[in-house]
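What follows is one structure encoded as structure tokens, with my remarks underneath.
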Amino acid sequence: HGWTLPNLASIAEQQMGGFVQVGAHGTGALIAPVDHYVRELKLVTPGRGTLTLSADGKYPELFHLAKVGLGCLGIVVEVTMDIIPAHSLVEH
């Protein structure tokens with residue numbers, strides 16, 4: 001489709017929920033970690049049901065914690081990420 005994530009780990013075939021939840025750092029020392037590019041999460045929690053979280057939403061603190069929650073706060077079922085035009089990487 002001509003789009004990609006601003007930062008990919010060396011293994012491109014990953015599930016997005018897990019990719020974000022583990023705090024993947026991706027490639028490039030000057031590029032922010034993957035969770036930096038998360039704009040919204042849909043999280044299914046055991047106590048509060050399904051929550052849609054964002055920085056400017058109802059629970060901004062929970063959003064920042066849940067971006068790298070390691071699955072402790074619930075199950076990530078949807079992620080909205082920043083994307084950029086696709087490009088080719090060259091390994092040196």
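Quick note: numbers below take in every heavy atom, side chains included, and nothing from hydrogens, waters or symmetry partners. Starting from 1, each residue takes its place in the sequence as its number. Remember, predicted model here, so these are calculated numbers, not experimental data.
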Indicate yes or no: at least one non-hydrogen side-chain atom of [X] is less than 4.5 angstrom from one of [Y].
| X | Y | result |
| --- | --- | --- |
| T4 | I84 | yes |
| L62 | L73 | yes |
| E40 | L53 | no |
| L51 | T45 | yes |
| F63 | V38 | yes |

Query raised in the report: Does R48 CZ have over 12 foreign heavy atoms under 6.0 Å away?
Result: no

Query raised in the report: By salt bridge (Lys or Arg N to Asp or Glu O under 4.0 Å), which residues pair with E78, not counting sequence neighbours?
Result: K42

Report task. Compare every heavy atom of G57 with every heavy atom of P60, then report the nearest pair and how far apart it is. Result -> CD-O, 3.4 Å

Report task. Considering non-hydrogen atoms only, spot the tightest contact between R39 and S54 and give its length. Result -> O-CB, 3.5 Å

Query raised in the report: Is there a path of hydrophobic side-chain contacts, each under 4.5 Å between heavy atoms of I, L, V, M, F, W or Y residues, that connects V68 with Y59?
Result: no

Report summary line: Between the CH2 atom in W3 and the CD1 atom in I83, the distance rounded to the nearest 0.5 Å is 5.0 Å

Report summary line: Under a side-chain separation threshold of 4.5 Å, the hydrophobic residues clustered together with I75 are V44, V77

